[in-house]
Engineer: 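Questions regarding the structure given below will be posed in turn.
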Amino acid sequence: MPKPKKRSNRAAGGQHKNVQAFSDDDSSIETMSHCSSFSDVASVVEEGTEVDEYAAQEDFEYKLKGFIDLTMDKSAKTRQAALEGLKTGLSSKILYDFIMERRMTLTDSIERCLKKGKSEEQQVAAALACLLCCQLGSGIESEEVFRTVAPVLKSIVCDRSANTQARQACATYLGLCCFIATDDVEDVYTTMECMENLFTKQYHSESAADNCSALHIQALQSWALLLTICHNSEVKKKLDIHLCKLPRLLSCGDVNMRIAAGETLALLFELAREADADFYYDDLEPLTQTLKSLATDCNKHRAKTDRRKQRSVFRDVLRAIEEGDFQPEMIRFGRERIHIDSWVKRLTYGTFKELFGSGMQYQLLTNVFLRSIFELGPPLLLDTATIKAMKVSREERHMNNSAAFKARTKARSKLRDKRVDVGEFY
């Protein structure tokens, strides 16, 4: 199948020439046709028996080039739709060669959208910056991307007049970009300091939840992620500063903040014990009492779903801090599996899962950088037919989930004290 002819306003390699040739009416129609047809690419690839795989890839890349051009459009709605299309493409496929040819154009487009765009556009652009770094892997190219977008992300994070959701997204993806791309410890420490300036404000706030709680949660999680790649000496410094203050967040009115604080405490204890086998925390007794009360919380003034979620998490946190124990998980993808056997792995996996979404399984199968993080070795040589054959049907997935739920319920009922939740019914 011959390559589709390129439009006259596109340069070789997908470089931008002049997007202003589209009128406002034409650009909206063009955007909708591009974005609505994006899902068609995935369906074409899945019908591998009928459509040539090479032609499908050519069509896929052609549409991505169109999205890159449209990120420079005057219309905010058009730019956001183009960014969404690029985000979907980069999370669902490995496109190293395609991206290397257009790395500078993509980086400039992301930077422009972060500076020029509003809340939703900034959120998608920040996520796209992370996906770009993941595609490039840990190296000079991704570090250049980080150095370009990091100052803009930091300015949004620290701007109190900026939209709160945009600040949350930028805090999350700034930390993750730093985790992926930089080898300079000074960049890591500077980014951690930026996050500390945010979540430490929660130390002095009242127990009630406020509008900035979600931002502080994202900052705390990004800080914790970066702490996992710090040297032991730096870990000890951070422990001395924060280990005595983090328990204050356990009384926050926001259940998500309480959970984030509890999980971070469990992570800090895990890192402390790895750095020093004789680690001992002086205020362990009052901390465990607080954790026990949260693990058995039955206060009526809190929502029932919040209480359930909180108790489930804090049972694991309490066991981690008292006994140094972790409830392992096994995640299967294709013919392989990941053993989540520590709080570090749990945080890392959860962060990347949030970034890739439904594309996480494919990325674990094929992304060399992601596989190196979880020590999976080089990707297995699997063709498209084999990958398709490994997909589980909806009915089979439902049966597996039901069986796992029953087994988990039985296991928990044996460990749980039946008298713990009696107060809820009276």
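Treat the numbers as computed from the prediction; the structure is a model and nothing was measured.
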Engineer: Keeping the roles fixed (side chain from R311, backbone from A295), state whether a donor-acceptor pair exists under 3.5 Å.
Structural biologist: no
Engineer: List, one per line, each side-chain donor-acceptor pair under 3.5 Å for residues 348-356, sequence neighbours excluded.
Structural biologist:
unit_1 : atom_1 : unit_2 : atom_2 : d
T348   : OG1    : V344   : O      : 2.8
T351   : OG1    : L347   : O      : 2.8

Engineer: Regarding K63 and D59, does a basic nitrogen lie under 4.0 Å from an acidic carboxylate oxygen?
Structural biologist: yes
Engineer: Working to the nearest 0.5 angstrom, can you tell me the gap between R102 CZ and L132 CG?
Structural biologist: 12.5 Å
Engineer: Do the side chains of I217 and Q168 get nearer than 4.5 Å, heavy atoms only?
Structural biologist: no
Engineer: Kindly say whether G137 contributes a backbone atom to a donor-acceptor pair with the side chain of S142 at under 3.5 angstrom?
Structural biologist: yes
Engineer: Give a yes or no answer on whether the side chain of S91 reaches the backbone of K87 with a donor-acceptor pair at less than 3.5 Å.
Structural biologist: yes
Engineer: Side-chain contact test, heavy atoms from C-beta onward, threshold under 4.5 Å: evaluate it for R167 versus L198 and give yes or no.
Structural biologist: yes
Engineer: Under a 4.0 Å threshold between the charged nitrogen and the carboxylate oxygen, would R79 count as salt-bridged to E121?
Structural biologist: yes
Engineer: What closest approach, in Å, do C130 and Y173 show between heavy atoms, and which atom pair accounts for it?
Structural biologist: SG-O, 3.3 Å
Engineer: Would you say T148 and E144 are linked by a side-chain donor-acceptor pair, where the criterion is simply a distance under 3.5 Å?
Structural biologist: no
Engineer: Measure the shortest side-chain to side-chain distance between C230 and K237 over non-hydrogen atoms and say whether it is less than 4.5 angstrom.
Structural biologist: no
Engineer: Any carboxylate oxygen within less than 4.0 angstrom of a Lys/Arg side-chain nitrogen, looking at R346 and E270?
Structural biologist: no
Engineer: If you draw a 6.0 Å radius around NZ in K115, do more than 12 non-hydrogen atoms from other residues or ligands fall strictly inside?
Structural biologist: no
Engineer: Distance from Y203 atom OH to L249 atom CG, nearest 0.5 Å?
Structural biologist: 6.0 Å
Engineer: Are the side chain of N197 and the backbone N or O of E193 linked by a donor-acceptor pair below 3.5 Å?
Structural biologist: yes
Engineer: Applying side-chain hydrogen bond (donor to acceptor under 3.5 Å, both in side chains), name anything that partners S372, two or more places apart in sequence or on another chain.
Structural biologist: none
Engineer: Compare all side-chain heavy atoms of Q165 with those of E120 and state whether any distance is below 4.5 angstrom.
Structural biologist: no
Engineer: Before giving the answer on side-chain contact (heavy atoms from CB on, under 4.5 Å), spell out for H242 and F199 the whole-Å C-alpha distance, their side-chain angles and the decisive distance to 0.1 Å.
Structural biologist: CA-CA 11 Å; H242 294 285; F199 74 79; 3.9 Å; yes
Engineer: Mind listing the closest non-hydrogen atom pair of V145 and C133 along with its distance?
Structural biologist: CG1-SG, 3.9 Å
Engineer: For the side chain of S222 and the backbone of A219, is there at least one donor-acceptor N/O pair under 3.5 Å apart?
Structural biologist: no
Engineer: Are K154 and T190 packed together at the side-chain level, in the sense that at least one heavy-atom pair is separated by less than 4.5 angstrom?
Structural biologist: yes
Engineer: Please give me the minimum heavy-atom distance between C170 and L153, naming the atom from each residue.
Structural biologist: SG-CD2, 3.7 Å
Engineer: Between E336 and L365, does the side-chain contact (heavy atoms from CB on, under 4.5 Å) criterion hold? Intermediate values first, please.
Structural biologist: CA-CA 8 Å; E336 301 176 86; L365 286 169; 3.8 Å; yes
Engineer: With rounding to the nearest 0.5 angstrom, report the NZ to CZ distance, K345 to F374.
Structural biologist: 8.5 Å
Engineer: Around atom NZ of K201, are there more than 12 heavy atoms of other residues, nucleotides or ligands at under 6.0 Å?
Structural biologist: yes
Engineer: Atom CD of residue position E234 - does it have more than 12 heavy atoms of other residues, nucleotides or ligands inside 6.0 Å?
Structural biologist: yes
Engineer: For L364 and R371, which heavy atoms make the closest approach, and how far apart are they?
Structural biologist: O-NH1, 2.8 Å
Engineer: If I compare all heavy atoms of A129 with all of V149, which pair ends up nearest, and what's the gap?
Structural biologist: CB-CG2, 4.3 Å
Engineer: Who are the side-chain hydrogen bond (donor to acceptor under 3.5 Å, both in side chains) partners of Q135, not counting sequence neighbours?
Structural biologist: none
Engineer: Would you check if V368 and P379 make a side-chain contact, meaning some heavy-atom pair closer than 4.5 Å?
Structural biologist: yes
Engineer: With rounding to the nearest 0.5 Å, note down the distance linking OG in S342 to CD in E274.
Structural biologist: 7.0 Å
Engineer: Please find the pair of heavy atoms, one from Q221 and one from A260, that lie closest to each other, and give the distance.
Structural biologist: NE2-CB, 4.2 Å
Engineer: Taking NZ, NE, NH1 and NH2 as the nitrogens, is one of them in R319 or D316 under 4.0 Å from a carboxylate oxygen of the other?
Structural biologist: yes
Engineer: Would K238 and E196 pass as an ion pair if we require N to O under 4.0 Å?
Structural biologist: yes
Engineer: Set out, in order, the CA-CA distance, both residues' side-chain angles and the distance that settles side-chain contact (heavy atoms from CB on, under 4.5 Å) for F326 and I340, then state yes or no.
Structural biologist: CA-CA 9 Å; F326 180 83; I340 306 296; 4.2 Å; yes
Engineer: Does E375, at its CD atom, have more than 12 non-hydrogen atoms belonging to other residues, nucleotides or ligands within less than 6.0 Å?
Structural biologist: no
Engineer: Within this structure, what is the OG1-CD distance for the pair T182 and E186, rounded to the nearest 0.5 Å?
Structural biologist: 10.0 Å
Engineer: When you measure from the side chain of Q310 to the backbone of L294, do you find a donor-acceptor pair of N or O atoms at a distance under 3.5 Å?
Structural biologist: yes
Engineer: Under the criterion side-chain contact (heavy atoms from CB on, under 4.5 Å), I'd like the reasoning laid out for M72 against D108: C-alpha separation, chi angles, the key distance, then a yes or no.
Structural biologist: CA-CA 10 Å; M72 302 180 191; D108 291 343; 5.8 Å; no
Engineer: State whether the number of non-hydrogen atoms from other residues, nucleotides or ligands found under 6.0 Å of R332 atom CZ is greater than 12.
Structural biologist: no
Engineer: Any ion pair linking E61 and K65 (charged N to carboxylate O, less than 4.0 Å)?
Structural biologist: no
Engineer: Taking the side chain as C-beta and beyond, is there a heavy-atom pair between L318 and K292 under 4.5 Å?
Structural biologist: yes
Engineer: Side-chain contact test, heavy atoms from C-beta onward, threshold under 4.5 Å: evaluate it for L284 versus F269 and give yes or no.
Structural biologist: yes
Engineer: Would you say the side-chain atoms of Y281 pair up with the backbone N or O of L243, donor to acceptor, closer than 3.5 Å?
Structural biologist: yes
Engineer: Drop me the distance from I338's CD1 to L376's CG, to the nearest 0.5 angstrom.
Structural biologist: 5.0 Å
